[in-house]
Amino acid sequence: MIVVMRVAATEEDIDRVVERIQQAGGEAKLDRGVERTIIGVRTGRHDLAPESFKMLPGVEDAVRINKPYKLASREFHPSDTVFTLRGATFGGGNVVMVAGPCSIESEEQILASARAVKAAGGKVLRGGAFKPRSSPYSFQGLGEEGVRLLADAGRETGLPVVTEVMHPRQIDLVAAYADMIQVGARNMQNFDLLKELATVHKPILLKRGMAATVEDLLQSAEYLLAGGFDEVILCERGIRTFETATRSTLDLSAVPVLKKMSHLPVAVDPSHAAGQAGLVPALALAAVAAGADALLVEIHPDPATAKSDGPQSLTFAAFQSLMEQCRRVAEALGRSL
Ligand code: PEP
Ligand code: MN
């Protein structure tokens with residue numbers, strides 16, 4: 001941040017600003033020009049709000065220069081964050097396929113899905129046990145039993161698993177079974193959940209809220225990174241726009257934008273954006289071409305009977321064929337899947 005003093009500011013005004021900066025744990029660097037003084041502020045880890053400085057006597061303006069998401073920013077961390085989750089490497093040019101059903105429904109269903117993911121070359125198994133449903137009358141997930149079935153299917157097939165937590169009280173259970181924890185779109189700005197997750201030191205798949213800007217997403221990632229563990233994946237999953245032809249509008253530009261602004265791996269979920277299985281392949285291929293580090297795709301042994309998100313779930317055969325196409329796009333760009 002910089003604080004621009006008024007031409008008529010007194011020494012007392014300047015001293016007051018400097019004192020306020022120091023009280024907040026920052027460092028002030030004065031640049032005394034012919035007409036006015038500009039104060040450069042080094043804020044360290046904590047952000048100082050420009051608004052509170054603008055109110056002080058003698059202050060013309062206070063402008064934030066450093067981003068409010070320092071730890072997530074590329075300025076702070078120029079090289080890509082790359083990490084490996086039991087054989088699946090996120091970041092560094094590789095594309096990781098994360099796939100599985102929207103919800104874990106039964107042992108047979110999750111195991112069949114896990115085998116289909118494995119057979120097609122997917123690297124991580126997904127499945128929801130605590131489901132954020134728009135209607136309280138919709139299937140809410142199997143809870144603890146679901147998490148256990150997911151972990152069993154992961155063990156059986158050798159795939160790491162990811163599942164969502166909706167509430168801080170679910171964290172211990174989910175962390176005990178899952179290799180990676182998902183924060184859903186509806187919880188991206190549940191700051192108490194993010195603060196609690198920051199202490200767990202497990203990889204997090206952070207989904208973009210459907211009405212969140214890219215900057216909002218990075219600020220949420222900042223909450224997680226503040227815990228000192230940087231294995232966080234940012235996931236674009238479609239945003240709400242005036243368009244109703246798709247469930248959400250996939251913001252593909254978020255992929256290169258996030259890669260430019262942040263060092264964290266970027267995933268794309270074409271399933272929740274499209275809302276229709278037929279549209280998923282086109283969006284998935286475009287995401288690989290746009291530079292996504294991972295894809296998150298919903299599949300189901302029998303989409304017509306799925307307890308959630310059946311219309312957007314791929315059959316195993318469609319998933320297998322999507323994998324082959326994604327691989328070809330990745331290879332054309334010198335990447336692997
Ligand atoms: C999901 O991954 O099943 C899910 C609920 O996604 P989102 O939070 O993006 O809606
Ligand atoms: Mn879903």
Side-chain angles (χ1 to χ4, degrees), residues 96-105 109-110 113 117 122 124-136 138-143 146-147 149-150 161-167 170 174 178-190 193-194 197 203-212 214 216-217 220-221 224 232-241 246-252 254-255 258 266-277 279-280 283-284 287 292 294-315 319:
V96 179
M97 178 60 86
V98 180
C102 179
S103 300
I104 301 141
E105 298 170 5
Q109 176 248 19
I110 190 64
S113 303
V117 173
V124 183
L125 176 66
R126 64 147 285 153
F130 296 101
K131 295 303 301 178
R133 305 305 303 280
S134 298
S135 166
S138 302
F139 177 61
Q140 302 287 309
L142 293 182
V147 180
L149 293 175
L150 177 70
V161 300
V162 58
T163 194
E164 177 167 354
V165 286
M166 294 205 299
H167 192 279
Q170 298 158 353
V174 168
D179 301 284
M180 178 155 68
I181 299 175
Q182 178 171 321
V183 175
R186 291 157 191 80
N187 266 320
M188 188 204 84
Q189 287 186 314
N190 181 340
L193 179 65
L194 299 179
L197 283 169
I204 307 282
L205 178 69
L206 176 64
K207 298 187 92 173
R208 179 182 181 182
M210 47 194 102
V214 159
D216 292 333
L217 173 60
S220 289
L224 298 171
V232 175
I233 300 169
L234 307 168
C235 183
E236 162 60 35
R237 48 78 72 210
I239 51 175
R240 282 261 163 97
T241 67
T246 47
R247 185 177 177 184
S248 283
T249 298
L250 184 65
D251 179 12
L252 259 193
V255 178
L258 285 169
V266 176
V268 170
D269 171 351
S271 304
H272 289 87
Q276 306 162 49
L279 300 180
V280 169
L283 300 186
L295 292 174
L296 189 65
V297 172
E298 287 187 342
I299 64 171
H300 195 280
D302 181 15
T305 63
K307 290 192 171 159
S308 62
D309 289 349
Q312 70 199 30
S313 300
L314 300 185
T315 61
F319 175 64

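We count ligands from 1, going down the list as the structure has it; atoms in each ligand are counted the same way.
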NZ/NE/NH1/NH2 to OD/OE distance under 4.0 Å, E164 and K131: no
*Please check if the side chain of Q140 supplies one atom and the backbone of S138 the other of a donor-acceptor pair under 3.5 Å.*
yes
Under 4.0 Å between heavy atoms, the region of R126 that gets near ligand 1 turns out to be side chain
Counting from 1 in the order shown, the ligand 1 atoms closer than 4.0 Å to a non-hydrogen atom of R186 are 7 (P), 8 (O), 10 (O)
Flag for D309-H272: side-chain donor and acceptor within less than 3.5 Å
yes
field: Min heavy-atom dist M210 to ligand 1 below 4.0 Å
entry: no
**Message:** Is any side-chain heavy atom of I110 closer than 4.5 Å to one of P101?
**Reply:** yes
min-distance N/O/S atom, D309 vs the Mn ion (ligand 2), resolves to OD2
- Message: Can you confirm, on distance only, whether ligand 1 has an N/O atom lying under 3.5 Å from any N/O atom belonging to D309?
- Response: no
Here the atoms of ligand 1 under 4.0 Å from any heavy atom belonging to C102 are 3 (O)
Closest non-hydrogen atoms of L205 and M180, given as atom of the first, atom of the second and distance, are N-CG, 4.0 Å
| Got an N/O contact under 3.5 Å between E164 and ligand 1? | no
Against ligand 1, does G128 come closer than 4.0 Å with any heavy atom?
no
request  = Show your working on side chain to side chain contact (heavy atoms under 4.5 Å, CB included) between Q312 and C102 and close with a plain yes or no.
outcome  = CA-CA 9 Å; Q312 70 199 30; C102 179; 5.6 Å; no
One finds that the ligand 1 atoms under 4.0 Å from a non-hydrogen atom of G184 are 8 (O)
Candidates S248, G127, P132; heavy atom nearest atom 5 (C) of ligand 1 found on P132
Among R237, M166, K131, closest by heavy atom to atom 9 (O) of ligand 1 is R237
Separation between CD (E298) and OG (S313), nearest 0.5 Å, reads 5.0 Å
Original post:
If you measure every N/O of A185 against every N/O of ligand 1, is any gap under 3.5 Å?
Top reply: yes
Atom 4 (C) of ligand 1 sits nearest the protein heavy atom H272 NE2, 3.4 Å
Ranked by distance from atom 6 (O) of ligand 1, the top protein heavy atom is K207 NZ, 2.9 Å
All heavy atoms of M188 vs all of R208, minimum pair found to be SD-CA, 3.8 Å
Here the N/O/S atom of E298 closest to the Mn ion (ligand 2) would be OE2
Rounded to the nearest 0.5 angstrom, the CD1-CG distance for I299 and L125 is 8.0 Å
I'd like to check whether D269 has a polar contact with ligand 1, where a contact means an N/O of the residue lying under 3.5 Å from an N/O of the ligand.
no
In this structure, CG of L206 is separated from CD1 of I204 (nearest 0.5 Å) by 8.5 Å
| said: So does F130 get a backbone contact from the side chain of Q170, meaning a donor-acceptor N/O pair under 3.5 Å? | reply: no
Rounded to 10°, the SG/C102 to the Mn ion (ligand 2) to NE2/H272 angle comes out at 170°
